[in-house]
Asks: 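Got a structure here, written out as structure tokens. Questions coming.
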Amino acid sequence: MKINHTQQVKDEIDKAAYERAMSDEENYLLSSLIRKRGAVVDFADCTSFHEAPFDRCLDDTSKRRMFASIMAMGTARKLTHFSAPAVAANIDLVLNYYQNMKEFTRADEEEDPYMKEISLPLSNCGRLHFSHAQFRKGELFLYGEPKENGYGDLPRLGYFSEDINVPMLTLEDKGYVILNPNFFLTQQKHLPVASGHVLVLGGEAGYFLYMAQRKDSVSKVTLVENNPDTLAFIRTCVLPICSDKVEIIEADPLYFLEDHHEAWNMIYGNCWRNSVEGTGMYLHLKQFEKQFRKTKFSYWLEDSILANIKSSILVDLMAETAEKKEEVLSILAEDQEGKKLHDQLSAYLTMEIISRKSVQSLFLNKELRKYFAKSPANP
């Protein structure tokens, strides 16, 4: 990037650095805690919340849930006690987390169309193993996509209202997929775009494939997948509950568009397991948007991927304005994932930063989507 080193631009970068760093710290702590399956909030034990001098009009249930969310943040920070006055002092942060906090019931899990229709096999499919993940009442998990909040991104926290077991698919050495509301919601948000002939790049557990073919506005769904275990699962468990709209092509979903140029109405990128793995693949698929100008593109976990990209952009901004650029980049070198992402982005970030507004645009999802679709690094 080329940066105009005016005081105004430097001030805005400093502001972005502070807000983004705080947001990334919160997300990292929460994600780490949730991955360890240890964050449980007890909504019955939140009475001390009423000691806090709030000037907001909230009912008792809202107050308890809000206090529970900040207690969970205190747990994430390994604090033994998060007092009511401390909650009051951080009321804006508490409100932001509370507004993104949602209770899920057993019905939200079991009444999803996919869960109602699918029959999970009792035995494994090749290297694909079937088991269950137990969620205790009040155990936190991330659901949906993060919410933009200034220069940061706020995670959405969910929990079940009772103990529940949900299906989990584990592929040897390839991680796992938990079929909980987060898995459903992050894919459901892309369904309104699905119409006509839909191309799905990557099978995962076949959720988007199944949900898209249910729509009257969808005439055909073509799935591209080359993992034999994923294909075995989809053919065994998902295809039997689908209509004849569905076809499967065995090919590498990431490179399929290089040799195929049909007139699809929608292309859905779904060939990554998480937002970190998906960042490079996302940037690769964005190359083809200019080639398929009449096709609607949609990507699983796109907002989460863009949140990762924003953090890397911030490193670039700080390095370019630092007195000793090497010191900033040397810190990055200790983070293998961060360095890999930074290297991937280097060919794309060729814009010129000349004002506060141009700094701000780098942290807006809608602006980043447009930028990477027409980046000079793309064909």
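The figures that follow rest on heavy atoms only: side chains count, while hydrogens, waters and symmetry mates do not. Here the structure is a predicted model, which is why all the values come from computation and not from measurement.
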Asks: Would you give me the side-chain donor-acceptor pairs under 3.5 Å for residues 258-267, sequence neighbours excluded?
Replies:
unit_1: H260; atom_1: ND1; unit_2: F256; atom_2: O; d: 3.0
unit_1: H261; atom_1: ND1; unit_2: Q291; atom_2: NE2; d: 2.7
unit_1: N265; atom_1: OD1; unit_2: H197; atom_2: N; d: 2.7

Asks: Flag the pair C237 / S119 as yes when at least one side-chain heavy-atom distance between them is below 4.5 Å, and no otherwise.
Replies: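 C237 does not reach S119 side chain to side chain.
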
Asks: If only atom types and distance count, is the side chain of S361 paired as donor or acceptor with the main-chain N or O of S358 below 3.5 Å?
Replies: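 Checked: pair present.
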
Asks: Which heavy-atom pair separates S161 from T105 by the least distance, and what is that distance?
Replies: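 In terms of heavy atoms, the two residues are closest at OG-CA, 3.8 Å.
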
Asks: For a 4.5 angstrom cut-off between non-hydrogen side-chain atoms, does N180 reach I164?
Replies: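 Not touching, per the 4.5 Å side-chain cut-off.
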
Asks: Any side-chain heavy-atom pair from V221 and F208 closer than 4.5 angstrom?
Replies: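 No, too far: nothing below the 4.5 Å cut-off.
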
Asks: Where do M115 and E110 land on the side chain to side chain contact (heavy atoms under 4.5 Å, CB included) test, with the steps shown first?
Replies: CA-CA 6 Å; M115 294 302 297; E110 297 177 351; 5.8 Å; no

Asks: For residues S304 and P146, report the shortest heavy-atom separation together with the two atoms involved.
Replies: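 Here S304 and P146 meet closest at OG-CD, 3.3 Å.
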
Asks: Quick one: side chain to side chain donor-acceptor pair (under 3.5 Å) partners of D11, sequence neighbours excluded?
Replies: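 So D11 forms a side chain to side chain donor-acceptor pair (under 3.5 Å) with Q7.
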
Asks: Might you work through the ring-ring contact (aromatic ring centres under 6.0 Å, His included) test for F141 and F104, ending with a clear yes or no?
Replies: CA-CA 11 Å; F141 55 85; F104 291 90; 5.7 Å; yes

Asks: Considering the options D316, N4, L362, which one meets the side-chain contact (heavy atoms from CB on, under 4.5 Å) requirement together with I353?
Replies: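 Single pass found, and it is L362.
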
Asks: Are R369 and D303 close enough for a salt bridge, meaning some N to O gap below 4.0 Å?
Replies: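 Yes, R369 and D303 are salt-bridged.
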
Asks: So, are K310 and D153 salt-bridged, with charged N and O less than 4.0 Å apart?
Replies: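 Salt bridge present between K310 and D153.
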
Asks: Does NZ in K296 sit with more than 12 non-hydrogen atoms of other residues, nucleotides or ligands closer than 6.0 Å?
Replies: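 12 or below, so no.
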
Asks: Are F288 and F297 packed together at the side-chain level, in the sense that at least one heavy-atom pair is separated by less than 4.5 angstrom?
Replies: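 Heavy-atom side-chain distance check passes, below 4.5 Å.
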
Asks: What heavy-atom pair brings L179 and A205 nearest, and what distance separates the two atoms?
Replies: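 L179 and A205 have their closest heavy atoms at CD2-CB, 4.2 Å.
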
Asks: Do Y371 and L341 belong together in a cluster built from hydrophobic side chains that touch within less than 4.5 Å?
Replies: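 Result: yes, single cluster for both.
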
Asks: Whether the S243 and Q213 side chains hold a donor-acceptor pair (N or O, under 3.5 Å, no angle test) is what I'd like checked.
Replies: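 Distance-only check passes for S243 and Q213.
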
Asks: Run the side chain to side chain contact (heavy atoms under 4.5 Å, CB included) check on I309 and L283 step by step: do they pass?
Replies: CA-CA 10 Å; I309 288 175; L283 292 172; 4.2 Å; yes

Asks: Is a salt bridge present between E352 and K2, judged by a nitrogen-to-oxygen distance below 4.0 Å?
Replies: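 No.
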
Asks: Mind checking side chain to side chain donor-acceptor pair (under 3.5 Å) for Y207 and listing every partner two or more places apart, or none if nothing turns up?
Replies: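 Scan of Y207 (side chain to side chain donor-acceptor pair (under 3.5 Å), adjacent residues dropped) gives D112, Q188.
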
Asks: Using the rule given for side chain to side chain contact (heavy atoms under 4.5 Å, CB included), can you reason through L169 versus F130, listing the C-alpha separation, both sets of side-chain angles and the distance that settles it, and then say yes or no?
Replies: CA-CA 5 Å; L169 314 180; F130 300 91; 3.1 Å; yes

Asks: Run the side chain to side chain donor-acceptor pair (under 3.5 Å) test against E367 and tell me which residues pass, sequence neighbours left out.
Replies: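 Listed in chain order: nothing, the list is empty.
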
Asks: With a 4.5 Å heavy-atom cut-off, do S219 and K245 have their side chains touching?
Replies: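 The answer is no; the side chains never approach within 4.5 Å.
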
Asks: Return yes if a side-chain donor-acceptor contact under 3.5 Å exists between S311 and D24, otherwise no.
Replies: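 Per modelled atom types, S311 and D24 side chains form a pair under 3.5 Å.
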
Asks: Is any side-chain heavy atom of E117 closer than 4.5 Å to one of Y210?
Replies: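 Side chain of Y210 against side chain of E117, heavy atoms only: contact under 4.5 Å found.
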
Asks: Using side chain to side chain donor-acceptor pair (under 3.5 Å) as the criterion, list what pairs up with Y299, not counting sequence neighbours.
Replies: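 Expected list: E289.
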
Asks: Is the shortest side-chain heavy-atom distance between F135 and Y159 below 4.5 Å?
Replies: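 A side-chain contact is absent here, since even the closest heavy-atom pair is not under 4.5 Å.
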
Asks: Do P181 and F160 have side chains that get closer than 4.5 Å, going by heavy atoms?
Replies: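 They are in side-chain contact.
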
Asks: Have E12 and Y151 got a donor and an acceptor in their side chains that come within less than 3.5 Å?
Replies: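 The answer is yes; a qualifying pair exists.
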
Asks: Looking at I249, I'd like to know if its CD1 atom is crowded, meaning that more than 12 non-hydrogen atoms belonging to other residues, nucleotides or ligands lie closer than 6.0 Å.
Replies: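 Yes, CD1 of I249 has more than 12 neighbouring heavy atoms, counting only those of other groups under 6.0 Å.
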
Asks: What pair of heavy atoms forms the shortest contact from H5 to T321, and how long is it?
Replies: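 Shortest heavy-atom separation between H5 and T321 comes out as NE2-CA, 4.0 Å.
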
Asks: For R235, which residues count as a salt bridge (charged side-chain N to carboxylate O under 4.0 Å, His left out) partner, sequence neighbours excluded?
Replies: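 Once residues adjacent in sequence are excluded, the partners of R235 under the salt bridge (charged side-chain N to carboxylate O under 4.0 Å, His left out) criterion are E250.
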
Asks: Measuring from atom CG of D229 to atom NE2 of H129, what distance do you get when rounded to the nearest 0.5 angstrom?
Replies: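 With rounding to 0.5 Å, CG (D229) is 8.5 Å from NE2 (H129).
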
Asks: Rounded to the nearest 0.5 Å, how far apart are CD of E145 and CD of E302?
Replies: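 It comes to 8.0 Å.
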
Asks: Out of curiosity, S131 OG to N165 CG, how far, rounded to the nearest 0.5 Å?
Replies: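 S131 OG to N165 CG: 10.0 Å, rounded to 0.5 Å.
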
Asks: Apply side chain to side chain contact (heavy atoms under 4.5 Å, CB included) to the pair M211 and R214, showing each step before the final yes or no.
Replies: CA-CA 5 Å; M211 296 297 286; R214 295 176 76 242; 4.1 Å; yes

Asks: Is the shortest distance from a Lys or Arg side-chain nitrogen in K102 or D108 to a carboxylate oxygen in the other one below 4.0 Å?
Replies: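 Answer for the salt bridge query: no.
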
Asks: Distance check, rounded to the nearest 0.5 Å: N226 atom CG versus D252 atom CG?
Replies: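 Atom-to-atom, N226:CG and D252:CG are 5.0 Å apart.
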
Asks: Do T222 and E247 have a side chain donor and acceptor closer than 3.5 Å?
Replies: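 On atom types as modelled, these side chains qualify, holding a pair under 3.5 Å.
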
Asks: Nearest 0.5 Å please: distance from the CD1 atom of I13 over to the CG atom of L317.
Replies: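 With rounding to 0.5 Å, CD1 (I13) is 4.5 Å from CG (L317).
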
